[in-house]
Amino acid sequence: MAHLLLIHCPDEPGLVYIITGVLFKHGLNIIRNGEFVERDGNHFFMRTEMAGAFDPEALQVDLRTGLPPSAVIRLTTNQPKNIVLMATKEHHCLSELLVRHEFGELNARVLAVISNYEVLGDLTRKFNLPFHYLPHADRSRETHEAEVLAVLAQYQPDFVVLAKYMRILTSEFVAHYSNRLINIHHSFLPAFVGASPYAQAYARGVKIIGATAHFVNEQLDQGPIIAQNVIPIDHTQSAHEMAQAGRDVEKIVLARSLKMVFDEQVFVHGNKTVIFD
C-alpha cells in the first residue's frame, strides 16, 4: 500500500535532504515526489508517495527533529473520503458525481444528498442513497442552516460538496467545515455574479465562458481556487445554448477538483492553493 507524506513549512536550505534522509532511514521507497516553494511567502510544500513498512510515530518524531517548529506534517494512506452532496434543482453536477461514484471514479464515498427542494430526490434514490429534503421556505436562514448542520452531523463527512446548491451560506455555517466545503461557480470568477449569469453573458457578448471550483470561506465565491476551465463561444449562440455549454464545463471542473482534493493533491495556504498533479 502506498502512503502519502504531506509537509508544508517555512522554507530553509536542506529541507528536501532532511526529509528524504529520514525516509531512507526508515526503509521507505519514494514512488513519486513533488516540491514547491512559494517565493513571496518563502513557504515550502512537499508531497511524497512512498512504500514500505514503518512506525508512523517514530517517523514523525524524526521529521520534526529536523524541520522548522511550525512544520505541518500529515501521513495518510489516501483512503476514500466520506462526503455529503448538497444540491438545489439543477441536476448536471449532482448526476455527474453520482455516476462517477457508482463506478468508483471519485476516491470518495457519497453518504447522502441534501437539498432544499424535492426535485432531485428520485435521481438520488436511483443510486440507493439517502435523500434529505430540507425546505427553506418559511424558515429563517439560521433555522434552516441549523437543520442542515444537524443532518450533516449524522454523517460526519470529511467534505461537503455544493453541487449547485443555490443558497448563500452564513459564515457561521462555513466555519463548521473550514477548507472542507467545496463549491462550483459559473464563469471565470469573479464575472457575472448573481442571478441569470448566462443571460448576463449573452447580453455582454462574451467570447469565453467557464467555471471555477473553490473552497468556500466567509466571503461569497472568494475562497481558495482549486480548478478552472473555459471554452470559447461566439455571437451565434443563444443564452440557452451558453447555459448548456456552461453546465458541461461546471460538472467537469467540479469533478476534476474533487478528484484532486480527495487524492490529497491540494494544499490550502492562506487564500490560495498549491496543487501537485
Side-chain angles (χ1 to χ4, degrees), residues 1-83 100 104-108 158-159 161 178-184 189 211-215 217 223-230 252-277:
M1 177 186 295
H3 298 267
L4 284 174
L5 173 64
L6 308 168
I7 295 175
H8 70 91
C9 61
D11 188 38
E12 59 183 46
L15 290 178
V16 175
Y17 174 81
I18 291 169
I19 295 167
T20 54
V22 170
L23 298 183
F24 178 77
K25 173 185 172 182
H26 286 260
L28 289 162
N29 182 42
I30 295 175
I31 300 170
R32 180 180 297 177
N33 194 64
E35 310 129 27
F36 173 73
V37 175
E38 185 184 44
R39 293 178 179 84
D40 289 344
N42 197 41
H43 204 80
F44 171 84
F45 301 84
M46 183 166 170
R47 179 186 186 275
T48 305
E49 296 182 29
M50 54 198 186
F54 66 100
D55 181 337
E57 291 187 9
L59 179 66
Q60 292 213 40
V61 168
D62 284 351
L63 287 170
R64 291 199 178 280
T65 299
L67 294 177
S70 61
V72 176
I73 302 171
R74 285 188 59 218
L75 281 168
T76 176
T77 54
N78 198 22
Q79 294 294 319
K81 309 302 185 291
N82 292 323
I83 67 173
R100 288 176 182 249
E105 298 177 4
L106 273 183
N107 193 26
D158 299 309
F159 293 92
V161 180
S178 178
N179 294 333
R180 297 191 294 136
L181 189 61
I182 299 170
N183 187 38
I184 185 68
L189 287 176
T212 299
H214 63 94
F215 291 103
N217 61 16
I225 293 171
I226 306 166
Q228 295 177 295
N229 199 11
V230 295
I252 298 303
V253 169
L254 179 58
R256 182 161 60 90
S257 72
L258 296 181
K259 186 69 165 60
M260 292 189 293
V261 170
F262 300 159
D263 284 348
E264 306 284 1
Q265 296 173 250
V266 180
F267 288 80
V268 178
H269 183 59
N271 203 43
K272 295 174 62 177
T273 57
V274 172
I275 297 176
F276 290 99
D277 292 329

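Numbers here are sequence positions counted from 1.
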*State whether the number of non-hydrogen atoms from other residues, nucleotides or ligands found under 6.0 Å of Arg64 atom CZ is greater than 12.*
yes
- prompt: So, do Pro10 and His43 sit near enough that their side-chain heavy atoms are less than 4.5 Å apart?
  reply: yes
Paired with Arg100, the side-chain contact (heavy atoms from CB on, under 4.5 Å) test is passed by just one of Leu258, Asn107, Leu106, namely Leu106
In terms of heavy-atom contacts, Phe45 and Glu38 come closest through CE1-CB, 4.2 Å
Check step by step if side chain to side chain contact (heavy atoms under 4.5 Å, CB included) holds for Asp158 and Ile83. CA-CA 6 Å; Asp158 299 309; Ile83 67 173; 5.5 Å; no
- Task: Look at the rings of Phe262 and Phe159 and say which category their plane angle falls in: under 30° parallel, 30 to 60° tilted, over 60° perpendicular.
- Result: tilted
Correct closest heavy-atom pair for Ile226 and Val266 would be CG2-CG2, 4.3 Å
Evaluate the side-chain proximity of Met50 to Leu23: yes if any heavy-atom separation is below 4.5 Å, no if none is. yes
Side chain to side chain donor-acceptor pair (under 3.5 Å) filter on Arg74, not counting sequence neighbours, yields Glu264
Close side-chain approach of Val253 and Gln228, heavy atoms under 4.5 Å: no
Of all heavy-atom pairs linking Leu15 and Cys9, the shortest is CD1-SG, 3.9 Å
Between Phe215 and Asn179 the two heavy atoms that sit nearest each other are CE2-O, 3.3 Å
**Prompt:** Does the ring center of Phe276 lie less than 6.0 Å from the ring center of Phe36?
**Reply:** no
